[in-house]
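We're numbering straight along the sequence, starting at 1.
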Amino acid sequence: MKFTSLPTSYSSYNEPLVYAFDTQAEASDVEVRVINATTSEVIGRKMLYGVSVGQVDIAPYVRRAAQVVMPEMIECSQMLATGVQVKVKVEVAGVISSSRNFIAARFDTMPHFALLTNQISRRTMARDEFDIIPFYSSPDAVVEVVVEAMGKSYGYLTLEHATGGQTAVAVTALDFDNGPEELKVTFKVDGYVEATVEYELKENLREENLRGARRLAWLNESRSPELYTFPMRKSILIEAARRHIESVLGKEAAEVEHDGELKLLSAYEPQAQLEALAGIYKAERVWLVEGNAPRRIELRAKQVFTLPCDELGIIEVDICAAEEGVRL
């Protein structure tokens, strides 16, 4: 028995992952087992009847095994294992293949390094919040992430990732004293700068000056986390209008949301950012992030509303609590 073809490491399990084999014996019934190489758990089985050669696509089993999670809390900048990458081996007729790492992200040509985020590189968040920047690096690349805090004083920290594949880094201003005004996150691969993401840091946007702000997290098409702060709730805008206009807006304001529902409006954003935010409605999971802790929510509507204004626009998102009786 020998394997005649195996997918390459770091191929995407959102595409076929075909293992071909030759038993080098008379035709018989052959069992194929897909094994999580990290936990030794059997994540898939398939029987092929009356064969001496054959092939099997293990991608469906690997997709189910990829249990993507959000961290329960982020209190410092750190590398994250989000569960998106799965290491597997395949057993056919008692012969076990070498291990392969598979990921969600798809590439026409495997890059040395790539950010896996759709959002623009200039962002905003509160000083007690965090962001997650997903990325891919080849197994022979050493990735150094430098987080710099600027404002009344300067500080920095360095994180390293040397294992390769699809992963992410969480960044937060909580690492630094004196309330920095900006963060700059630089990705260096083998000493060369590959990408930069910058943050304008605000006071907590949930305070009275912008009490409608809510920060959401979701998984993009690469099953990588994205986060964005929606600065305003629609009900607050309606309430403000009602104070000036006595009309049917009063009724609309009363009905615009319930305790377990929110209608959120983005800031005025360029088209590239609006397209990234529209990905929320394709996401398999969405979270409401309060400070440094996320909790699961659901989308109430399955459509996107945008309000164009010259080159900028606004997007509206409707969310609701994942559990009945929970107040948002």
For this session: Could you tell me whether Gln24 atom CD has more than 12 heavy atoms of other residues or ligands within 6.0 Å of it?
Result: yes
Problem set entry | Minimum-distance pair of heavy atoms, taken over all atoms of Val171 and Ser77 | CA-OG, 3.5 Å
For this session: Mark yes or no for whether Glu129, through its side chain, and Ala126, through its backbone, hold a donor-acceptor pair below 3.5 Å.
Result: yes
Exercise. Is any side-chain N of the basic residue among Arg215 and Asp131 closer than 4.0 Å to the acidic one's carboxylate O?
Worked result: yes
For this session: Decide yes or no for Ile297 and Leu216: does some side-chain heavy atom of the first lie under 4.5 Å from some side-chain heavy atom of the second?
Result: yes
For this session: Mind checking the CH2-NZ spacing from Trp218 to Lys282? Nearest 0.5 Å is all I need.
Result: 13.0 Å
For this session: Mind listing the closest non-hydrogen atom pair of Thr82 and Pro225 along with its distance?
Result: CG2-CG, 4.2 Å
Exercise. Which pair of heavy atoms, one from Arg63 and one from Arg223, lies closest together, and at what distance?
Worked result: O-NH1, 3.5 Å
Problem set entry | pair Tyr19-Val34: side-chain heavy atoms closer than 4.5 Å | no
Problem set entry | Any donor-acceptor N/O pair, Ser52 side chain to Ala27 backbone, under 3.5 Å | no
Exercise. What about Leu174 and Leu201, same hydrophobic cluster or not, with Ile/Leu/Val/Met/Phe/Trp/Tyr joined at side-chain heavy-atom distances under 4.5 Å?
Worked result: no
Hey, can you pull the donor-acceptor pairs under 3.5 Å for the side chains in residues 161-169, sequence neighbours left out?
{"unit_1": "His161", "atom_1": "NE2", "unit_2": "Thr163", "atom_2": "OG1", "d": "3.2"}
{"unit_1": "Gln166", "atom_1": "OE1", "unit_2": "Ala104", "atom_2": "N", "d": "3.1"}
{"unit_1": "Gln166", "atom_1": "OE1", "unit_2": "Ala105", "atom_2": "N", "d": "3.1"}
{"unit_1": "Gln166", "atom_1": "NE2", "unit_2": "Ser222", "atom_2": "O", "d": "2.8"}
{"unit_1": "Gln166", "atom_1": "NE2", "unit_2": "Ser224", "atom_2": "OG", "d": "3.0"}
{"unit_1": "Thr167", "atom_1": "OG1", "unit_2": "Leu80", "atom_2": "O", "d": "2.8"}

Seminar exercise, completed: Value for CZ (Phe176) from SG (Cys76), rounded to nearest 0.5 Å, stands at 10.5 Å
Exercise. Do the non-hydrogen side-chain atoms of Asn14 and Phe102 ever get within less than 4.5 Å of each other?
Worked result: no
Problem set entry | Residue pair Ser28 / Val30, side-chain heavy-atom distance below 4.5 Å | yes
Problem set entry | Side-chain donor/acceptor of Ser266 to backbone N/O of Ile315, under 3.5 Å | yes
For this session: Locate the shortest heavy-atom distance separating Tyr136 from Pro111; write the atom from each residue and the value.
Result: CE2-O, 3.2 Å
Exercise. About how many Å separate CG of Leu183 and CD of Glu200, when rounded to the nearest 0.5 Å?
Worked result: 11.5 Å
For this session: Could you tell me which non-hydrogen atom of Asn36 sits nearest to which non-hydrogen atom of Thr38, and how far apart they are?
Result: OD1-N, 2.8 Å
For this session: List for me each residue that meets side-chain contact (heavy atoms from CB on, under 4.5 Å) alongside Asp29, sequence neighbours excluded, and say none if there are none.
Result: Met47, Tyr49
Problem set entry | Leu299 reachable from Leu288 in the ILVMFWY side-chain graph, under 4.5 Å edges | yes
Exercise. Among the clusters formed by ILVMFWY side chains lying less than 4.5 Å apart, do Val145 and Met125 turn up in the same one?
Worked result: yes
Exercise. Which heavy atom of Ala283 sits nearest a heavy atom of Leu219, and at what distance?
Worked result: CB-O, 3.3 Å
For this session: State whether a side-chain donor-acceptor pair under 3.5 Å links Glu226 with Asn220.
Result: yes
Exercise. Can a donor-acceptor pair be found between the side chains of Tyr228 and Glu269 at a distance below 3.5 Å?
Worked result: yes
Exercise. Between Arg106 and Glu221, is there a salt bridge with N-O shorter than 4.0 Å?
Worked result: no
Exercise. For the atom pair NE2 (His112) and CG (Asp140), what is the distance rounded to the nearest 0.5 Å?
Worked result: 6.0 Å
For this session: Dump the intermediate steps for side chain to side chain contact (heavy atoms under 4.5 Å, CB included) on Val317 and Arg214, then the final yes or no.
Result: CA-CA 11 Å; Val317 175; Arg214 295 293 187 275; over 6 Å; no
For this session: Answer with yes or no whether the hydrophobic clustering places Val88 together with Val18; edges join I, L, V, M, F, W, Y residues whose side-chain heavy atoms lie under 4.5 Å apart.
Result: no
For this session: Report yes if the side chains of Val147 and Asp175 come closer than 4.5 Å at any heavy-atom pair, otherwise no.
Result: no
Exercise. Can you list the steps and then say if Tyr281 with Asp318 is a side chain to side chain contact (heavy atoms under 4.5 Å, CB included)?
Worked result: CA-CA 10 Å; Tyr281 280 99; Asp318 291 3; 4.3 Å; yes
Exercise. Do Val185 and Tyr199 touch side chain to side chain, with heavy atoms closer than 4.5 Å?
Worked result: yes
Problem set entry | Euclidean distance, Thr172 OG1 relative to Arg127 CZ, rounded to 0.5 Å | 11.5 Å
For this session: Following the transitive rule for hydrophobic clusters with a side-chain heavy-atom cut-off under 4.5 Å over Ile, Leu, Val, Met, Phe, Trp and Tyr, establish whether Val53 and Leu48 coincide in one cluster.
Result: no
Exercise. Salt bridge between Arg295 and Glu290, side-chain N to carboxylate O under 4.0 Å?
Worked result: yes
Exercise. Within a strict 4.5 Å, meaning less than it, do heavy atoms of the Leu264 and Ile319 side chains meet?
Worked result: yes
For this session: May I ask you to decide whether Lys2 forms a salt bridge with Asp22, counting only side-chain N to carboxylate O separations under 4.0 Å?
Result: no
Problem set entry | side chain to side chain contact (heavy atoms under 4.5 Å, CB included) evaluation trace for Tyr61 with Leu17 | CA-CA 10 Å; Tyr61 307 114; Leu17 299 173; over 6 Å; no
Exercise. More than 12 heavy atoms of other residues, nucleotides or ligands under 6.0 Å from OH of Tyr156: is that the case?
Worked result: no
For this session: I would like to know whether Phe187 and Ile133 meet side chain to side chain contact (heavy atoms under 4.5 Å, CB included); could you show each step before the answer?
Result: CA-CA 10 Å; Phe187 292 83; Ile133 310 172; 3.6 Å; yes
Problem set entry | Value rounded to 0.5 Å, distance of CD1 in Ile120 from CD in Gln273 | 4.5 Å
For this session: Please say whether more than 12 non-hydrogen atoms of neighbouring residues, nucleotides or ligands are located less than 6.0 Å from CD in Glu284.
Result: yes
Exercise. Do Pro134 and Val84 have side-chain heavy atoms sitting under 4.5 Å apart?
Worked result: no
Problem set entry | Pairing of Lys89 and Glu91 as salt bridge, 4.0 angstrom limit | no
